[in-house]
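All figures in this text were calculated on a predicted structure; none of them were measured in a lab. Here is how names work: the chains are called A, B, and so on, in the same order as the sequence lines, proteins then strands, and each is numbered from 1.
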Protein chains: 4
Amino acid sequence: MLILTMKYAVGLWLFGQLSDRFLVYHPPKNLEEKIEGASKIKGINGIEVMYPTEFKYDEIDYFKSLIKDYGLEVAAIIVDLFGQSKWFRGSLTSKDERIRREAIQTCKEAMDVAKELGCRIVNIWPGQDGYDYPLQADYSKLWDLFTDAIREIATHDRAVKVALEYKLKEPRTRILISSVGKALLLVNDVNMDNVGITLDIGHALQALENPAESLVLIYKRGKLFHVHANDNYRDWDHDLITCTVNLWDYVECFFWLKRLGYDGWISIDIYPYREDVRGACEESIAFMRQIEQIVDKVGIRKFEECIEDGDPIKISKLLREILGT
Amino acid sequence: MLILTMKYAVGLWLFGQLSDRFLVYHPPKNLEEKIEGASKIKGINGIEVMYPTEFKYDEIDYFKSLIKDYGLEVAAIIVDLFGQSKWFRGSLTSKDERIRREAIQTCKEAMDVAKELGCRIVNIWPGQDGYDYPLQADYSKLWDLFTDAIREIATHDRAVKVALEYKLKEPRTRILISSVGKALLLVNDVNMDNVGITLDIGHALQALENPAESLVLIYKRGKLFHVHANDNYRDWDHDLITCTVNLWDYVECFFWLKRLGYDGWISIDIYPYREDVRGACEESIAFMRQIEQIVDKVGIRKFEECIEDGDPIKISKLLREILGT
Amino acid sequence: MLILTMKYAVGLWLFGQLSDRFLVYHPPKNLEEKIEGASKIKGINGIEVMYPTEFKYDEIDYFKSLIKDYGLEVAAIIVDLFGQSKWFRGSLTSKDERIRREAIQTCKEAMDVAKELGCRIVNIWPGQDGYDYPLQADYSKLWDLFTDAIREIATHDRAVKVALEYKLKEPRTRILISSVGKALLLVNDVNMDNVGITLDIGHALQALENPAESLVLIYKRGKLFHVHANDNYRDWDHDLITCTVNLWDYVECFFWLKRLGYDGWISIDIYPYREDVRGACEESIAFMRQIEQIVDKVGIRKFEECIEDGDPIKISKLLREILGT
Amino acid sequence: MLILTMKYAVGLWLFGQLSDRFLVYHPPKNLEEKIEGASKIKGINGIEVMYPTEFKYDEIDYFKSLIKDYGLEVAAIIVDLFGQSKWFRGSLTSKDERIRREAIQTCKEAMDVAKELGCRIVNIWPGQDGYDYPLQADYSKLWDLFTDAIREIATHDRAVKVALEYKLKEPRTRILISSVGKALLLVNDVNMDNVGITLDIGHALQALENPAESLVLIYKRGKLFHVHANDNYRDWDHDLITCTVNLWDYVECFFWLKRLGYDGWISIDIYPYREDVRGACEESIAFMRQIEQIVDKVGIRKFEECIEDGDPIKISKLLREILGT
């Protein structure tokens, strides 16, 4: 029997300075220090890189040499459409057409960078594209601007996968691409093979979704391009160590990832403000690896039978078997 | 200048006995008593009828004579796929194929009834179609069963509009068609002219949506078939008197309904457990009529300018102007 | 080493008909049938009884003989202040003084019944005491009426413990005693030895509390009189089988229950609408028993060390150790 | 008839740089620039100052001269127990006793500063005092450490009012003093005349409270020392312009503030990240002033009658009268 094991990556931004609206945490680091930090994480095979925040286009050779030196693969490029002042009122849907073009151009560059780095995924999280107040937005225009932007970006290079990451809120009180349904609808509208979705498990929880259902609905359409892992209390994107709050959601997600044969990456996207970053990342991976082992030990068939029955009493028995004593 | 005014209906079920999980409220009523109750509501033009709960197929002539006597139009038929014991584990997605066929058949019958009554809308709210626990459902199968059922139903008579009403939860802890995005995706998948959506404003609030955004995204695709009106605290489908909690959401919704030229019905779907039912319905309508007048008085153009600017300070000024002193 | 094991009870109402606002589930049962149903649950030592819904004052001898026959102890009496039509706008805070007196009288009777049955706990859950709309209540008067009522009730017999059960909402959209803080404040105001709190773990989750924190703060004041167990998605009182959603919360609660030496009852208060009631109860108990074993195996000291460190990485390691593979 | 009008202040921190976890907004400003910014806000009488972030103890004379020059009163001093790196794992409940002493000392200094500035209120918002994960805290110890700290602080100078500001979450995923009930309980435990509460209306909404109820319960005990004003979607402390989301909550709060005769300050605590700061503050005040006028015009008695009846239909009529056309 072949047992599929997942590939884990870690966001490079975790190894620099982190902020919330009251404090900055951890000292700032330069690119090599961050890469060195990431390279020490047990259990990872790759990194997710924020472009162009972590390195500029003309630093690509330096970056390549660094990741070669530290033996890291690039799992995904996430385009920074949220952390630069110019995007503060929107990027791909900015009312300022010059800003909007710049956002589109940055995404295209990120695709070139991805290709150059042998990375298949460019992750687009439009955190600033939305609105905050009632009567602030023309929702129809926002949708069209966003759809057109994604289509143009994806057309730039059909060999690079554009993975759209949805989120309910933060930094905007309302983000346009807020739920699995709207993300899939957008992907349908764009209708290109290389446009799909990043499922951030914490974002699904924040949007009051069952992450496993979202995962299956995305996968069913061939659109599960990328996964972000972290945990929260179903109320906000707290980005906690995975599985420390919602264990069963993770068990169910990993059953489906294995059953469906997901062969993409799982990126650690936690925010260990007050913790040792390395330890928090390693725990996240160790927890998911442990769940992988549990799924393998229980066996896909047993989960399938449980789902076929749909009987909560059998579900509870299975969960208790997993928990052990 | 032509000023559009909305058509209001009221759910017939409001005039009988209402329940929650602890109590029953109001005395039970027979069909004529309910119709008489509805007919007394100032400001309504029609009723929404639950089929076959409120009358059976062979009682259609009696029902027709009653609504003729009381001078009421049928705004929509809502198929009872949630309030009969047989649907307790699902209707259109039931694992029991016999039950599922019965659910589909009931929807088709409801379409025949609608046609016979001169009503264009059959509302399908699949409240029992979902699940409660992790590892309880094959989400992909649920989606396919649901899509196929809607397609079969809609094919039964392309002249009747099938309006799908989404809701996040209750009675199931997780309903399959839970959000505006998933509802539109499903409608896309079915891809038939006569399949669209019922926007329940309270359900949009419960799903943490901005109801006006949901409205616009549905309308944009020509799929806003029907509207349900009620209010809540963005936490649950409390079905309170409209506008008593979220005034600005209602103002924004009515701006868009008028600007887009919505010519369908707005059905009062409140649950006045502890109140005088007639008074609660009349207040709901009076509140929405008042908001209509406000939108007309302010003028579409002024709202549009506010939205074009997208400046919260101008928004606040407009809201204060609406509020007056 | 002495290992404390918990005493489990089950709500007698689970063995009759259950409702939500759309459906009734399970056939109705008479008193003996319900008691028989409860008596079959593996792992319970007692029942919680709703008075006077399940039997009237003059049926007490019959009830005593039944529980004797079925070998059951009465863990708690819950006063029905929510499921009779007369309470629909409030019980202990009713504006109708006649209704309010009746509610107080019912509580006193329940205390007499409790004493007669050898039961120490009368549980008061004021689900109808609150309000639904803005500008509907004089919050200060509500507080005073409630405080006075509890004081009068508790004075009736200082040998019976009056346990106040808080809940955020449902059936009212806002219940007066909504959170652990307000419940403890009320208990402080009443200031009687026999007035304390029922912690319903699901209610704590619904109120966005960490149940373990609420438990500790109540226990610290000597006020943890009773515990109700069930689970949900932190959004509503879904009353699911315990531990099927929030495993770690249950682990943390049981660590504290054992560490603090709680010697009261844990009552199963789930609502198995679509499930086999017996199976759902037995799973709830089996899950909690299993967690008891885990806590014993890990050892109180190890949990304490984890808490003393407060390091999320150590927490994650401990959780992974508990999960095993 | 004497009509009470409220005193408005504005947080001085609004006039400098604001951050979220992705971006910084607005240019940094020095003390005089901030004070100048605040002084331009139409409708304010005072400022709330963050100490020692905005000026140090030895800069007090300079600060005094500045506010004299700009004609501003100090409404409240908020102690910075959240925005300095040393507090990142707690301030008044820090496990590091040295840090905890420093936090207490800072509060005492803030009291001295307040006195020196003729300000009666020191606001303590312990945003870092809580925890993030299950099994991370000894809740009983946290409570005791916090209570003891507040008692020691309040004892430092009984002529200065110590106002405790509760909040559910952020920056910690769980803050210790999270709800109105816990805040009042803490105040009860400390039991000193000069210890009371700051009601942040947005925090009450975030905690799923009805702000007017929280206000009344605090006032009833003579503990409403201070008020912060801002708005959100009942889901997070978004700090939006007041009344732009929850109009009726503000109407109800201002009815009670006037009826009860609140003579303290109302501080604007919004976060206008993407807006003109001055405009956003002025709109917040203009909106509240407008609601004051409405309450005066409707008249206290009419609100009282509405509350005495408690009839949602009358409530709706009153709200519609307020809205006008």
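Between chain C and the options D:Asp311, D:Ile315, D:Asn210, heavy-atom pairs under 4.5 Å are most frequent for D:Asn210. Taking C:Ala183, C:Ser179, C:Pro312, C:Cys306 one by one and counting their heavy-atom pairs under 4.5 Å with chain D, the maximum is reached by C:Pro312. By number of non-hydrogen pairs under 4.5 angstrom with chain C, the leading residue of D:Val216, D:Leu215, D:Val180 is D:Val216.
Between D:Glu305 atom CD and C:Leu135 atom CG the span is 13.0 Å, to the nearest 0.5 Å. Distance CG/D:Asp144 to NZ/C:Lys220: 3.0 Å, rounded to 0.5 Å. The CD1 atom of C:Ile307 sits 6.5 Å away from atom OH of D:Tyr139, with the distance rounded to the nearest 0.5 Å. For the atom pair OH of D:Tyr133 and OG of C:Ser316, the computed distance is 8.0 Å after rounding to the nearest 0.5 Å.
Residue contact with chain D, scored on non-hydrogen atoms closer than 4.5 Å, involves the side chain of C:Asp189 exclusively. Contacts of C:Leu168 with chain D are made by side-chain atoms alone, with heavy-atom separations under 4.5 Å and no backbone atom involved. Only the side chain of D:Tyr131 comes within contact range of chain C, judged by heavy atoms closer than 4.5 Å. If you measure heavy-atom distances from C:Ser178 to chain D, you find no contacts under 4.5 Å at all. Proximity to chain D is absent for every atom of C:Lys314, based on heavy atoms less than 4.5 angstrom apart. For D:Glu209, the part lying near chain C is the backbone, with the side chain staying farther off; criterion is any non-hydrogen pair under 4.5 Å. Contacts of C:Ala137 with chain D are made by backbone atoms alone, with heavy-atom separations under 4.5 Å and no side-chain atom involved. When heavy atoms are compared at a cutoff of 4.5 Å, D:Asn188 approaches chain C solely by way of its side chain, counted from C-beta outward. Within the 4.5 angstrom heavy-atom criterion, no atom of C:Asp132 approaches chain D.
In plain terms, the two heavy atoms of C:Arg174 and D:Arg234 that are nearest each other are NH2-NH1, 3.4 Å.
Using a 4.5 Å heavy-atom cutoff, the side chains of C:Trp256 and D:Asp138 are in contact. Between D:Leu185 and C:Arg221, the closest side-chain pair of non-hydrogen atoms falls below 4.5 Å. Within the 4.5 Å cutoff, no side-chain heavy atoms of C:Glu213 are placed close to those of D:Leu142.
Counting non-hydrogen atoms of neighbouring residues, nucleotides and ligands closer than 6.0 angstrom, the NZ atom of D:Lys86 exceeds 12 such neighbours.
Side-chain N or O atoms of D:Lys182 include none that pairs as donor or acceptor with a backbone N or O of C:Leu184 at under 3.5 Å.
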